[in-house]
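Please read all numbers here as calculations on a predicted model, not as lab measurements. Sequential numbering from 1 along the given sequence is applied to the chain's residues.
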Amino acid sequence: MDAETGPMQPREEDITGTETHTHVALGRPHLVAMWPGGSAVKELPPAGSLSIGRSRRCDVCIDHPSVSREHAVFYGSNPVSVEDLGSTNGTSIAGSRIPKGSRVGLERGQVVTIGAAVLVVRSALENDVVQPEVAPRPGATTQRGNLPVIVADEGMRELYRVVDLVGKGDLSVILLGETGAGKDVIADAVHRRSVRASGAYVRVNCAALPDALLESELFGYERGAFTGAVQAKPGLLEVADGGTLFLDEIAELPLAMQAKLLRVLESREVTRVGGLKSRAIDVRFICATNRDLLALVRQGAFRQDLYFRLNGISLLIPPLRQRRAEIAPLAQAFVAQACRDGHRPGLPISHEAMLLLQAHPWPGNVRELRNVVERAVTLCTGSTIDVHHLPPPEAAFGPSSGSDPLQRATIPAGPGDPTIPSAPETMPLGLHDAARHAAQSIERRRIAEAMDRCGGNQTRAAQMLRVSRRTLVARLTEYGFARPLKKRVNEAD
């Protein structure tokens, strides 16, 4: 690494990307970089490379202390690849850190993190790149959801850090994730962090509108365009002018409508049904789906050119079962909201009930959790939400309900592991006792998992479980765990 003196003064075109993008050749990929305080757009040579770093000698100068002087190199071969040059903070692709000195290929729209900077490779044909900031349109309103925004998982903190940077630009965004995972919450967060935050925020569920109505709703219509069109009506694309259009369930869009939407993305103009005059619009597009768009493209069910236009950057929202640290705070927030709506005092959740909530695989994600909590609040006539207020076992709720492979991989089964005491073979008949037995079984398995991960070290296992060492030792004795653990501790150390 070369030593340089004096404060870093990057060129203006390195910060804004304006001059650079003017000379980007059509059809060639280019690199979009965003970081706190700046952004840049550089063409990626088909047989060359782009160096990234804090040094002014680099092709893309990122003046931020989290970036090394010579941090990484992007290669313009097919596929595009990136190499970390032994940087201090490393280089990550989609949240996974890559080894130093090795070249790793990139898929289209994948996010590359370099310190506090976010980079993505895009085609130059996709003209919705980072734009200079403009003043928000006065008098416009912003719609917001009523779901509590809780970030308690490390993966979600990283996602929101990327959202902070992406929101400042004007890239089109595709949100991927299971149903109920919170894609609408992330879309709202991108809008609120953008310069369009005071502009319109229009949500459209592509699966909820019939094909016959979808065109007139999106594009609007002129008077007399069809029977019943007694007056002209602007479409949702026009309503979103100066703001953001959120297209939920984009994979359900009919092929004929995909072609028309593609034309809007290319020309930034919209023509009403029955109209002859085109109207210019300035709209940022955010799309969401729970389906594999690339698989649909290969099957011919989704247009490839539209996918490339929309996929400025892809953000994957992890399912709730992969961010279990958020289950408890989300459940408590839903309880508080349900109590406020029902004009009743707040209700705590018992320890056993919370264990059941945290063990459930949540195939419906946050939406399912909210429904379960609201049901419990409705059924609770006492002062505490307990296990008998949760859905019964016959409703496929609880630790035995999921066939989720991730849960089976992270929570070992009791009978197969000699270090985990087996539960009694006969279950109590009472629903309340059965639920408590299930909660104890979950606690037993979590203790076994923590002890296994910590090599039998009780202090570290207690820290992982967020309990005191005395409590852990008491639970080990209560559940009859094998106690000569010192040998395992010494081996781990």
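- Around atom CZ of Arg223, no more than 12 heavy atoms belonging to other residues, nucleotides or ligands sit under 6.0 Å away.
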Full working for salt bridge (Lys or Arg N to Asp or Glu O under 4.0 Å) between Asp282 and Arg196: CA-CA 10 Å; Asp282 175 25; Arg196 302 173 180 266; 2.7 Å; yes

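- Side-chain contact between Ile114 and Ser87 is absent, with no heavy atoms from C-beta onward closer than 4.5 Å.
- Note on ring orientation: taking the six-membered ring where Trp is involved, the planes of Tyr201 and His191 are parallel (angle under 30°, cut-offs 30° and 60°).
- The side-chain contact (heavy atoms from CB on, under 4.5 Å) with Phe285 is formed by just one residue from the set Leu171, Ile174, Leu265, Thr244; it is Leu265.
- For the atom pair CG (Leu175) and CD1 (Ile317), the distance works out to 4.5 Å, reported to the nearest 0.5 Å.
- For the pair Asp164 and Lys168, the salt-bridge criterion is not met [side-chain N within less than 4.0 Å of a carboxylate O].
- Taking CD1 of Ile327 as the reference point, atom CG of Leu320 lies at 4.5 Å (rounded to 0.5 Å).
- Taking the charged nitrogens against the carboxylate oxygens, Arg446 and Glu449 have no contact shorter than 4.0 Å, which rules out a salt bridge.
- The distance from the OG atom of Ser194 to the CG atom of Asp170 is 8.0 Å, given to the nearest 0.5 Å.
- The pair Arg370-Glu374 counts as a salt bridge, with a side-chain nitrogen and a carboxylate oxygen less than 4.0 angstrom apart.
- Atom CD of residue Gln258 and atom CD1 of residue Ile250 lie 7.0 Å apart, to the nearest 0.5 angstrom.
- Atom CG of Leu276 has 12 or fewer neighbouring heavy atoms from other residues, nucleotides or ligands inside a 6.0 Å radius.
- Glu238 CD to Phe219 CZ: the interatomic distance, rounded to the nearest 0.5 Å, is 10.5 Å.
- A salt bridge links Arg157 with Glu154: at least one charged nitrogen is closer than 4.0 Å to a carboxylate oxygen.
- Here the OG1 atom belonging to Thr271 is positioned 10.5 Å from the NZ atom belonging to Lys260, to the nearest 0.5 angstrom.
- Contact check on Glu252 versus Arg291 returns a salt bridge, with a Lys/Arg side-chain nitrogen under 4.0 Å from an Asp/Glu carboxylate oxygen.
- A salt bridge links Glu178 to Arg321: one of the charged nitrogens lies within less than 4.0 Å of a carboxylate oxygen.
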